[in-house]
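Counting from 1, the numbers follow the sequence of the chain as shown.
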Amino acid sequence: MYSVFIVDDEVIVREGLRNKIDWEHSQFSFAGEASDGELALSMIQDIKPDILITDIRMPFMDGLELARAVKKMLPLVRILILSGHDEFDYAKKAIAIGVEDYILKPFTLEEILAGLHKAAAALDQQKQQSTDIARMKNELESAYVLARTQFLSDVVLGTLGAGEAIQKAADFDIKLIARCYQVAVGAIHCGAQCGANALLEAKSRILALVDKWGWGYTDTFFIAPDIFVAIVKGAQPEACEDMAFSLASSVSHEVAKSAGCTIVFAIGSIGEHTAHIAQSYREASAILKQCRITDRNKIISMNDIEHKEDSSIVLQENDPLFERLNYADESEIDQIISEYIAMLGENSGHFSIIASYLLVDVIMAVSKLIEELGGSVSEVMPDILSHSFVESAVQSEAVFIGAVRGILEDVLRYRSQHVQGRYADVILRAKKYIDKNYADPDICLHSTAAAVNFSPNHFSAVFSQECGITVIEYLTNVRIEAAKRLLRNSSMKSSDIAYEVGFNDPHYFSFIFKKVTGISPRDWRNAEARP
């Protein structure tokens, strides 16, 4: 099933497409709508639809500008252009951008469906190409690709001098010279439930995405079967960082389409010399060693890690659990416990001794994390510091597992309630900005990111990862809660409430309200009015 997003400044057009297409019995799903390109762009960045239907003449940002921006951000999206102007220049520009179809107004439902099916066929073909394992193997095994991969591996591993690297880069049409450099490393994991070809499919999707877009001056390759590396180059540090997060977000989205597969991205620091490429790669690889892949994607940058005065990454080799708990979520608790049980199994004859050692290791890591967050373990979890707690916890394997699980659940809960790295203040400021300005119909991802001095791509990744929902989802939830208050405490019409809470279209407000609450605004008000 392919998701469809609609953009048109005419309410009647959006309403007609939304209501007349039989979404439930087709291969398409309705992903959302917007009344202008600027508003649509931030929503599309979060929703990531498969197909975009957009009018060509709209206020703020027209359809062609929107198509260009979307193709740059999500190159695999298929675009259908609607236009009431039968002008050859528009058609030429649309074709140059790479739109799937150009439909003239007034159009029929059959023409729209034909366009959607054409886009679906192209997406099917793309999917088939991306899962063509034989093609990918041939490509990976070609002498040129292997030589290029070896060269880029040498660059990130630091085995080549700057002069030699720049000279060899020309042999592969790689422009290695730039103002700044940054390396992103992604580790793919395919769960036990995945098929034998899941990793190959995930890699194939990444290769197809890279072939389609390329990310400007970014050089990408697989340094290992499950390790994807991107050398990001830019003219400004801010642009470099924005590109790295954009790449990581787009690749993560593609990997997520491979059932059961996830990817954790680590992004090293930014430097101004080619020699820094190897340092940035080492930093990203070191971060990955401290992270465990879970059932969800992650993006972690050097800015999430403490720095020493020499700007080298602080990773405690003698305390891996502490670093792991900085990024772990509850889904990793079972994995941590399994690793401890495996160690106990190797020393079953000395269970209580080894279990005591491991439990103390857990307590020390937890204590350190609580202190890093500004607390004291003696106040937060005083029971675990007593000798009697350790003694009772190592009486049996079942009791030991329960004790470790309880400690880890408590510390992760404490971590989630307190400062989480350098982004806690950013998230707080962003939420305050949205809470204060939600009624402004022009508020979007870009304006919120600007309010906290972040690039849109970086902020989108940070917000989604820290909050578990996208910026647009949070904004929508705030607006719906405000609408509920007005429905409960005022006699305003539903259409007036829509405008009051920031929606440009009352019909779209009703659609979103029902999508979030399960019932229409009128039914919700009636239900609240019942004794």
Side-chain angles (χ1 to χ4, degrees), residues 1-23 26-130 208-209 211-214 250 253 504-505 507-508:
M1 181 171 286
Y2 295 116
S3 57
V4 181
F5 193 93
I6 300 168
V7 188
D8 198 301
D9 60 336
E10 296 182 53
V11 175
I12 192 170
V13 174
R14 298 200 308 274
E15 191 176 66
L17 291 173
R18 185 197 327 131
N19 296 335
K20 290 183 179 180
I21 295 175
D22 187 2
W23 304 104
S26 71
Q27 66 181 120
F28 308 103
S29 64
F30 179 68
E33 62 181 72
S35 57
D36 66 72
E38 186 176 353
L39 177 62
L41 191 59
S42 61
M43 297 174 68
I44 290 169
Q45 182 163 359
D46 282 334
I47 296 171
K48 295 181 174 62
D50 298 301
I51 301 172
L52 168 64
I53 301 177
T54 179
D55 187 19
I56 205 164
R57 285 287 183 94
M58 295 181 296
F60 305 112
M61 177 187 287
D62 66 30
L64 291 179
E65 290 178 297
L66 175 63
R68 289 191 191 94
V70 169
K71 276 293 183 181
K72 182 178 180 181
M73 180 173 63
L74 299 169
L76 301 185
V77 169
R78 301 291 166 169
I79 301 175
L80 309 182
I81 291 284
L82 306 178
S83 176
H85 306 272
D86 187 7
E87 298 178 12
F88 185 60
D89 283 343
Y90 280 116
K92 283 197 302 182
K93 291 176 181 178
I95 292 169
I97 293 169
V99 302
E100 198 64 36
D101 210 346
Y102 188 88
I103 303 171
L104 291 176
K105 293 181 179 180
F107 51 79
T108 64
L109 180 60
E110 287 71 24
E111 288 176 315
I112 293 295
L113 290 175
L116 287 174
H117 286 299
K118 181 179 178 181
L123 288 167
D124 288 340
Q125 183 180 11
Q126 178 67 46
K127 185 184 295 184
Q128 181 60 40
Q129 291 174 349
S130 68
L209 186 66
D211 287 342
K212 186 74 175 179
W213 191 5
S250 297
H253 177 67
N504 278 319
D505 180 0
H507 296 286
Y508 185 55

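- Here CG of D8 is found 4.0 Å from NZ of K105. Values are rounded to the nearest 0.5 Å.
- How far CG of L82 is from OG1 of T54: 7.0 Å, rounded to the nearest 0.5 Å.
- Nearest heavy atoms, D62 versus I56: CB-O, 3.1 Å.
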Does I53 form a side-chain contact (heavy atoms from CB on, under 4.5 Å) with L116? I'd like the steps, not just the answer. CA-CA 9 Å; I53 301 177; L116 287 174; 3.9 Å; yes
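- Taken from CG in D101 to CD1 in I81, the straight-line distance is 10.0 Å, to the nearest 0.5 Å.
- When all heavy atoms of N504 and S35 are compared, the closest pair comes out as ND2-OG, 3.5 Å.
- Under the rule for a side-chain contact (heavy atoms from CB on, under 4.5 Å), the partners of E38 that lie at least two apart in sequence or sit in another chain are D36, F60, M61.
- Residue M58 comes nearest to G37 through the heavy atom pair CE-N, 3.8 Å, listed as atom of the first residue, atom of the second, then distance.
- Looking at K118, its side chain does come within 3.5 Å of a backbone N or O of E100 through a donor-acceptor pair.
- Residue L39 holds its CG atom at 9.5 Å from CD1 of I44, rounded to the nearest 0.5 Å.
- For the residue pair A40 and V7, the shortest heavy atom distance occurs at CB-CG2, 3.5 Å.
- Once rounded to the nearest 0.5 Å, the distance linking CG of L123 with CD1 of I51 reads 5.5 Å.
- Between L66 and I79, every side-chain heavy-atom pair lies at or beyond the 4.5 Å cut-off.
- Listed here is the closest heavy atom pair of L209 and P75: CD1-CG, 3.9 Å.
- The main-chain N or O of L17 is never found under 3.5 Å from a side-chain atom of K20 such that the two would form a donor-acceptor pair.
- If you take OG on S3 and CH2 on W23, they are separated by 9.5 Å, rounding to the nearest 0.5 Å.
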May I have the list of side-chain donor-acceptor pairs in residues 27-34 shorter than 3.5 Å, sequence neighbours left out?
unit_1	atom_1	unit_2	atom_2	d
Q27	OE1	H117	ND1	3.3
E33	OE1	R18	NE	2.6
E33	OE1	R18	NH2	3.0
E33	OE2	R14	NE	3.0
E33	OE2	R18	NH2	3.2

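- Nearest heavy atoms, A69 versus L41: CB-CD1, 3.8 Å.
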